[in-house]
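Read through the structure below, which is laid out as structure tokens, and then see the notes.
Values reported hereafter were calculated over all heavy atoms of this structure, with side chains retained and with hydrogens, waters and symmetry mates removed. The structure presented is a predicted model; accordingly, all values stated were derived computationally and were not measured.
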Amino acid sequence: MSSQPAEITRFDNVGLRYGTDKEVLTDISFTLFPGTFYFLTGASGAGKTSLLKLLYLAQRPSRGLIRMFGTDSITLPREQLPLLRRRLGVVFQDFRLVPHLSVYDNIALPLRVSGYGEREIASAVGDMLDWVGLADRRDGRPATLSGGEQQRVAIARAVIARPDILVADEPTGNVDPEMALKLLRLFEALNRQGTTVVVATHDVHLIRHVAEPLIMRLDKGRLSDPTGALRYPPRPSASGNSGRAGS
Amino acid sequence: MAGKQTAAARWGAEAALLPPVRAGGPMPWVIAIMIALTVIAAASGLSLRNAAHAASADLSGGLTVQIVHAAPAERDRQGLAAQRVLKQTPGVASVRLVPQGELDTLLEPWLGTRPGDGVEGLPIPALIDVALSGPATPARVESLRVALAAVAPAARVDAQAAWLAPVFGAIGALQWLAGGLIALLAVATAAAVLLAARNTLGTQRETIEIVHMLGGTDAQIARGVQRGVAVQAASGGVVGLALGIIGVFLLGRSFSALGSGLVASGGLHLTDWLMIALIPLAGVALAVLTARLTVLAALRRFL
Ligand SMILES: Nc1ncnc2c1ncn2[C@@H]1O[C@H](COP(=O)(O)OP(=O)(O)O)[C@@H](O)[C@H]1O
Ligand SMILES: [Mg+2]
């Protein structure tokens, strides 16, 4: 889609506090490389969602430096944020589907804001609906869908614009283990097409389904690097996929 | 990127970013009332202007010369002399010495005509109606005064427009009042739209955040709100224009019942009606602009 920089994201000594509370994230430093698949783990309340919010530009840090696609996203004027955000796909923990829009229109949103034509949108959304198995629900409102169906709509919306990086916050939290595994395979398929993927989860069973996972671990707002993946680009695998996710 | 949309298609797609405006809200009615009042105020202002124009066109070159002299013989002699001089003065279009019979008729309601009323003894001035080819400026009035002083020392020269100066002053004040009302109505309309737009932003906060997170711009969100406001303002504007025109006709009828020449000359021309028809369009433009500025200002507080 666009030329890949040597790094997707770099955090340098980032700290975040809400209001005047103590920091919920402290001294966060890491680099995400193109085409890799990361898990972000940690107990509930460890700061996973907060870290992802910084990553998908929904929150500015209290201190530190964040570069997205080679651009300093902290000092970037807010008029220029949309262009960066269009290169991100986000699956929010609470889905955040637009209630008055149908499944079809929710999935079409990222293409609409980017100014694509309706013909192109129709074919892309149609493919996406088939992919997540919701073709028969295309005209339904989010409120009429089950939790798992809403989640799949959220995922379809996150990936339809072929983002450079997909960020998913507990994307398997509301689905049964079988569907969770299916979603994981879906993310892996996307990763194989070159998208960097970051999946936040506290579900260790899910990670076990991945051969050599790259793990970012959060503990009370501090990041550890148990798989040593955050400083240097992972070695490319034989399949040409630089991430080590997948079987 | 391939497949970019036309502006019109984008307008439709972006409107879908925010929920459709619910019919039955107060906004169209507020705008209808504002537009109706603006139409009435504008029509009043325009017809006052037309009335003033017509009156001043009739009167601007008009002069009255009165010869006030107690002795009728001397009065008539000076009257004829003044008439002669006036006829030879350049820039004088017409001169008419008002005949005695006409003067009597004019004065009859005030003075009566029956013998024994003591009318004969009253010194009635001779009256000369003068029309200049241009407006009766103070300088021209003064030069005529000087010219007449030699042959008719009892002559008094008055510009007819001067008598109506207080009326023109009142009309001017009413026109300012109409203009002020229109300005106030515009401010009130903008305030109503501002509140409605803020309300939309408040109830749609979650949707706006989502659209932002997906890479939507402030301008796209603003266009969504603008479209809703435009639809409401347009429906309010049509109703308001209709109500306003009905009001103007009712007012016009009750004024023409007065039978005053001034009011009768204050009818609206075609161009006036065109201007009045533009009021709803101006209202929609004002509403859309207000909505846009409100939304853009409010969105600056979002990340
Ligand atoms: N908007 C917020 N305002 C104040 N505190 C918050 C906010 N969001 C999260 N927190 C706090 O930050 C900490 C980390 O939360 P979060 O990032 O949601 O963790 P996780 O996603 O790992 O469960 C928690 O203590 C939480 O209470
Ligand atoms: Mg969380």
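If you measure heavy-atom distances from A:Leu81 to chain B, the contacts under 4.5 Å come from the side chain alone. Looking at A:Leu97, only its backbone comes within 4.5 Å of chain B, counting heavy atoms on both sides. If you measure heavy-atom distances from A:Arg157 to chain B, the contacts under 4.5 Å come from the side chain alone. Heavy atoms closer than 4.5 Å to chain B are found in the backbone of A:Gln59, but not in its side chain.
Across B:Thr217, B:Leu214, B:Asp218, a single residue satisfies side chain to side chain contact (heavy atoms under 4.5 Å, CB included) together with A:Pro82, and that is B:Thr217.
Legend: residues meeting side-chain hydrogen bond (donor to acceptor under 3.5 Å, both in side chains) with A:Gln93, ordered by chain and number and at least two apart, are A:Thr49. Looking at residues two or more places apart in sequence or on another chain, you find a side chain to side chain contact (heavy atoms under 4.5 Å, CB included) between A:Leu134 and A:Leu129, A:Val132, A:Arg137, A:Glu149, A:Arg152, A:Val153.
Within 6.0 Å of OH in A:Tyr18 there are more than 12 heavy atoms belonging to other residues, nucleotides or ligands. Counting heavy atoms of neighbouring residues, nucleotides and ligands inside a 6.0 Å radius, atom CH2 of B:Trp273 exceeds 12 of them. Heavy-atom contacts from other residues, nucleotides or ligands closer than 6.0 Å to CZ of B:Arg198 number 12 or fewer.
The two residues B:Thr207 and A:Pro99 have their closest heavy-atom pair at OG1-CD, 4.3 Å. Nearest heavy-atom pair across A:Arg85 and B:His212 is CD-O, 3.1 Å.
Checking side-chain atoms of A:Arg78 against main-chain N and O of B:Phe302 turns up a donor-acceptor pair under 3.5 Å.
The CZ atom of A:Arg96 sits 5.0 Å away from atom CD of B:Glu209, with the distance rounded to the nearest 0.5 Å.
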